[in-house]
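I have placed the structure first, in the form of structure tokens, so that the comments after it can refer back to it.
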Amino acid sequence: MMRKIPHWFNTAIGHISAPEIFTFALNIAAFILYGSFMQHFYLWVLIILCDIMVICSHGAWLEAKGDKVYGPWRTPTPHVARFVAFLVLFILAAERQSNTVLSTYVWYTVTITAICHAFFCILLTMHQTDNSWLAGTNGRVGMPNWISIIRMAISVLVPHMYAVQPLGEASSLIATIALIAAIVTDAADGFVARKFNQTTKAGKALDPLGDKVIFYPTAIAFIIATHGTAFLPSVTLRWCFYACIAIMFARDALFFVWFFLYYTKLKDGIGASMVDKIRMAAMCAWLGCSALALTFADMESRLAIAGFVCIAIVGILSIVSIFVDYNRIKPLIAEKKAD
């Protein structure tokens, strides 16, 4: 039996606002103008995904506020920043600067703006439907959450820099600096939230999401940039490397299913265990080794082995964490079934 389509989805499709239509049209126009330059295709797909996120959040926002009262033309957030970013992009196209480093920087600006705008819409919508999501910031996104969002937005540019090298010889170095900054600031959002008493449920959800956004796209870009070798000297090591990546992905997918099925009891999360913290540290170490290996060719062989040790630890701990976290989550599952 097919699941009924959510009402907010029908609301979103039936009440797409003029700014959303215009923004989507600008995205299509940007792809047509820059379509021959495939180095921007990845960024364009990210922007389209942000459009979809904004439209869906608009539907949920209208349903929560009551579209009869506020009207379908009202949106959770303005689109002005995205319009300005696109305007600059089109000016560059008119000046035939579409395949330059300057164009790439503008594409990055448009992408970061789109991601921040999408998360802004989602967080406001989530708070509108359940005012506990941003309770610690009085209904505003708040500085800690903005740190997490901007960190994710910059992180998704790192794979593009590694795989496409759009900024010339400096691409890998700039990507490595951005990646290290994202890893180092991983704890900044939590520190700021505790320092200024702005801890929110949304922040607890954004933190693990940010880790996934940083890790998986960068891992794929690293594989592409090394032509599938990961700088490892033997085929056996490469297959072990791929196996560890697969185990990590399976573990995260499994937990996603758990939280999806039992979200009414687990929406606040269960917190990170010591195994999870060590696993995350090993993941960060692997990312660091991989980034430095791509940046400094004379050190790639030694860094590749060090990175392989880190990824092997992550793979083993991914299996261990399934059993550890299941024992922690089992009472909540039992409570859900009892209800």
Side-chain angles (χ1 to χ4, degrees), residues 50 53-54 57-58 60-61 64-65 75-82 84-85 108-109 111-158 177-215 217-218 252 255 259 263-281 283-285 287-288 325 328 332:
C50 289
M53 292 166 64
V54 169
S57 65
H58 181 203
W61 186 82
K65 295 188 76 71
T75 61
T77 61
H79 291 65
V80 177
R82 295 187 65 181
V84 172
Y108 285 168
T109 303
T111 306
I112 291 174
T113 304
I115 293 172
C116 291
H117 180 231
F119 275 102
F120 192 19
C121 290
I122 291 172
L123 290 184
L124 291 184
T125 299
M126 290 169 63
H127 183 72
Q128 186 64 43
T129 56
D130 180 358
N131 60 14
S132 64
W133 281 100
L134 294 174
T137 53
N138 298 320
R140 296 187 297 271
V141 174
M143 183 58 66
N145 293 331
W146 272 123
I147 293 174
S148 297
I149 293 170
I150 295 173
R151 183 169 141 268
M152 284 190 287
I154 294 176
S155 297
V156 298
L157 304 181
V158 171
I177 294 173
L179 180 60
I180 293 175
I183 294 173
V184 170
T185 57
D186 182 32
D189 49 1
F191 173 79
V192 172
R194 291 186 295 271
K195 179 74 173 178
F196 296 97
N197 195 26
Q198 293 186 355
T199 302
T200 62
K201 187 190 301 183
K204 294 178 181 178
L206 286 174
D207 192 53
L209 177 62
D211 296 335
K212 308 301 183 297
V213 169
I214 291 174
F215 182 80
T218 305
D252 291 336
F255 272 89
F259 275 74
Y263 67 94
T264 55
K265 294 296 181 184
L266 302 178
K267 60 185 178 183
D268 292 321
I270 59 174
S273 66
M274 183 57 65
V275 173
D276 291 329
K277 293 178 180 179
I278 298 174
R279 176 176 173 269
M280 181 55 59
M283 288 172 61
C284 292
L287 285 174
D325 289 339
R328 300 170 64 212
L332 296 176

Side chain proximity check, [X] to [Y], heavy atoms < 4.5 angstrom:
| X | Y | answer |
| --- | --- | --- |
| M152 | L206 | yes |
| I150 | I112 | no |
| D252 | F215 | no |

Acceptor/donor pairs from residues 138-149 side chains to any protein atom, 3.5 angstrom cut, sequence neighbours excluded:
residue	atom	partner	partner atom	Å
N145	OD1	G203	N	3.4
N145	ND2	V141	O	2.7
N145	ND2	T200	OG1	3.3
S148	OG	P144	O	3.4
S148	OG	D189	OD2	2.5

Heavy-atom closest contact (H127 atom, A135 atom, distance):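 Shortest heavy-atom separation between H127 and A135 comes out as CE1-N, 4.1 Å.
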Where do T109 and T113 come nearest, in terms of heavy atoms and distance?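 That closest heavy-atom pairing would be O-OG1, 2.7 Å.
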Using side chain to side chain contact (heavy atoms under 4.5 Å, CB included) as the criterion, list what pairs up with [X], not counting sequence neighbours.
| X | value |
| --- | --- |
| I278 | M274, L317 |
| A178 | I154, V158 |
| M126 | I122, L123, W133 |

Mind checking side-chain hydrogen bond (donor to acceptor under 3.5 Å, both in side chains) for D211 and listing every partner two or more places apart, or none if nothing turns up?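 Counting only residues at least two positions away or on another chain, D211 forms a side-chain hydrogen bond (donor to acceptor under 3.5 Å, both in side chains) with R151.
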I need the T185 OG1 to I180 CD1 distance, nearest 0.5 Å.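 If we round to the nearest 0.5 Å, T185:OG1 and I180:CD1 are 11.5 Å apart.
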Return the set of residues passing ring-ring contact (aromatic ring centres under 6.0 Å, His included) with H117 (not counting sequence neighbours), or none when no residue passes.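 ring-ring contact (aromatic ring centres under 6.0 Å, His included) list for H117, sorted by chain: H79.
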Between S57 (side chain only) and T125 (backbone N and O only), is there a donor and an acceptor less than 3.5 Å apart?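 The answer is no, because no donor-acceptor pair under 3.5 Å joins these two groups.
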